[in-house]
Protein chains: 2
Amino acid sequence: MANDTRQRLLEASAQLFREQGYAGTGLKQITTAGGAPWGSLYHFFPGGKEQLGAEAIAHSGARYERLFELTFARGGEDIVQCVRDFFQLSVDALEKSGWADGCPIATVAMEVASTSEPLRHACAEVFASWEAAFARGLAGAGIPPERAAELATYALAAFEGAIVLSRTTHDTRALRITAEVVATTLRAELPAA
Amino acid sequence: MANDTRQRLLEASAQLFREQGYAGTGLKQITTAGGAPWGSLYHFFPGGKEQLGAEAIAHSGARYERLFELTFARGGEDIVQCVRDFFQLSVDALEKSGWADGCPIATVAMEVASTSEPLRHACAEVFASWEAAFARGLAGAGIPPERAAELATYALAAFEGAIVLSRTTHDTRALRITAEVVATTLRAELPAA
DNA sequence: GTCATATTAGATAGATCGATCTAGTGAGAA
DNA sequence: TTCTCACTAGATCGATCTATCTAATATGAC
């Protein structure tokens, strides 16, 4: 068909929501950024802004999950180094984008937690998928599954919070420090080699 | 004077920004929630929404900093228990408020990081003040000042991220797990008793 | 080629946004 | 009292928001 308008709208939405949040991004801005005609927006997303939001969250979530798995797969056995690598990806992304590209959904997640149940739920599912991917990596390194799930939640929380701090302060210090402490903490949980 | 209109506007702003974010909160909603006449808003805050936002951030930040210091003071020597207590405060606040009261400024911080330099700076200052308060507590427990500053950044990041997860999932699990891991990590850094 | 459908085009509605303005009210100072 | 000034009241402005609507135009099936 050679028509990727829908995809462009989705990616423009994901990028803008990531930077400016949900309420702070207008549909007009999305169509402009996506190079899509206004009429197409409600054609592809008849549910309006909320549908666009939900799909953008899921889209960003799935892409980031692949990044998780790719990082863990590339790291092989050394799970601690994988964690460090993943933090480093965010360091690079923040610096490269001028502190715009933090977590793809955290901004929206906080905004909509008390204002839109469908969007909150979409965010919760994404976080759960990331936690699961993280937990698989930790379990693969020999940590008992139940403990791996707990540590995945912890590591994800530390990661998200470090992004909040680094993006706000325009300084990667929080991400770098948090990466080291989390890496050390996780190493201590690994089974004796 | 017996006129606390300005204060009511400030507190209503702080509460609404905390729940719904900056862009998602209208000035009309603020005056209504604060029981203040529309005309008063631009009388007390001639700088408009941005001034109101900056002052609300500083207001929330100072109040939360006192909560930090109060928790640390009450805990006496046992810094690890202080950390646990502080996480517990958030657990209680989230449950009591129906998952509305998370971090007082995180939602706004993420939103404005790429859209308003004055507001971003206000958030950065608040985070710095919390880190400093945290670091004082850790240093008071015998951790070398430089390391205390690092651990404060780490603990604050973990705390913020856990709030993001708990508020989004409507489950205090992330906060509870993160509190335990962080507490264990910090205990290992304390000088031998 | 013809027809049905998918997509685009963009005007428009109706609401709400932040901000400004003038007029009015009220309490305390002189 | 009378004056002054902090504060309130709320209409109003232009911009922007989401959403809907009708036409026009492509596109692919047959």
Side-chain angles (χ1 to χ4, degrees), chain A residues 1-57 59 107-108 111-112 114-120 122, chain B residues 1-57 59 107-108 111-112 114-120 122:
Chain A
M1 54 187 68
N3 189 323
D4 56 349
T5 302
R6 193 191 145 95
Q7 191 68 14
R8 286 204 317 277
L9 279 171
L10 211 48
E11 301 205 347
S13 303
Q15 181 63 29
L16 289 169
F17 287 156
R18 177 187 205 166
E19 292 181 23
Q20 317 174 349
Y22 180 74
T25 301
L27 296 182
K28 199 80 176 240
Q29 191 180 9
I30 289 174
T31 56
T32 300
W38 171 256
S40 297
L41 201 152
Y42 280 88
H43 172 73
F44 290 113
F45 303 92
K49 194 180 189 183
E50 199 163 51
Q51 180 187 352
L52 192 55
E55 292 202 28
I57 289 165
H59 180 72
T107 306
V108 175
E111 264 192 285
V112 303
S114 300
T115 58
S116 165
E117 200 57 19
L119 294 183
R120 180 194 69 78
Chain B
M1 47 190 79
N3 189 325
D4 55 350
T5 302
R6 192 191 146 92
Q7 191 67 13
R8 287 204 317 277
L9 280 171
L10 210 49
E11 302 205 346
S13 303
Q15 181 63 29
L16 288 168
F17 288 156
R18 175 186 205 165
E19 292 180 23
Q20 317 174 348
Y22 181 74
T25 302
L27 295 183
K28 200 81 175 243
Q29 191 181 8
I30 289 174
T31 56
T32 301
W38 171 256
S40 298
L41 201 151
Y42 279 88
H43 173 73
F44 290 113
F45 303 93
K49 194 181 189 183
E50 199 163 52
Q51 180 188 354
L52 192 54
E55 292 203 27
I57 289 164
H59 180 71
T107 306
V108 175
E111 266 191 285
V112 303
S114 300
T115 58
S116 165
E117 200 57 18
L119 293 183
R120 180 194 70 78

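Computation of the quantities below employed the complete heavy-atom set of this structure, encompassing side-chain atoms and omitting hydrogens, waters and symmetry-equivalent molecules.
- Rounded to an integer number of Å, the gap from CZ of A/Arg6 to P of C/dA6 is 14 Å.
- Across D/dA19, C/dT20, C/dT8, the shortest atom-to-atom separation from the side chain of B/Tyr42 is found for C/dT20.
- If you take NZ of B/Lys28 and C1' of D/dT16, they are 16 Å apart, rounded to a whole angstrom.
- The distance between atom CD1 of B/Ile30 and atom P of C/dC17, rounded to the nearest whole Å, is 10 Å.
- Atoms CG (A/Leu9) and C1' (C/dT8) sit 12 Å apart, rounded to a whole Å.
- When all heavy atoms are compared, the tightest approach of B/Pro37 to B/Thr5 is CD-CG2, 4.4 Å.
- To the nearest angstrom, P of C/dT20 lies 12 Å from CG of B/Leu41.
- Per the geometry, CD belonging to B/Gln29 stands 12 Å off P belonging to C/dT16, to the nearest Å.
- For the side-chain hydrogen bond (donor to acceptor under 3.5 Å, both in side chains) criterion with B/Ser116, the lone passing option out of B/Glu111, B/Lys49, B/Glu50 is B/Glu50.
- Taking the side chain of A/His43 as heavy atoms from C-beta on, and the options C/dT7, C/dC17, C/dA19, the nearest nucleotide is C/dT7.
- We find that OH of B/Tyr22 is positioned 9 Å from C1' of C/dG18, with the value rounded to whole Å.
- Side-chain contact annotation: A/Thr115 with B/Gln20, donor-acceptor N/O pair under 3.5 Å absent.
- Distances were taken from every side-chain heavy atom of B/Trp38 (C-beta onward) to each of D/dT20, C/dA19, C/dT8; the shortest belongs to C/dA19.
- Comparing A/Gly39 and A/Leu27 by the nucleotide of DNA chain D whose heavy atom lies nearest to each, the residue mapping closer to the 5' end is A/Leu27.
- Per the geometry, CZ belonging to A/Phe45 stands 15 Å off P belonging to D/dT18, to the nearest Å.
- Using a 4.0 Å heavy-atom distance criterion, A/Thr31 is classed as making no nucleic acid contact.
- The shortest non-hydrogen separation linking A/Ile30 to A/Thr25 is CG1-CG2, 3.7 Å.
- Distances shorter than 4.0 Å separate some side-chain N or O of A/Ser40 from OP1 or OP2 on C/dT8.
- No donor-acceptor contact under 3.5 angstrom links the side chains of A/Gln15 and A/Glu11, judged on distance only.
- Neither OP1 nor OP2 of C/dT7 sits under 4.0 Å from any side-chain N or O of A/Thr5.
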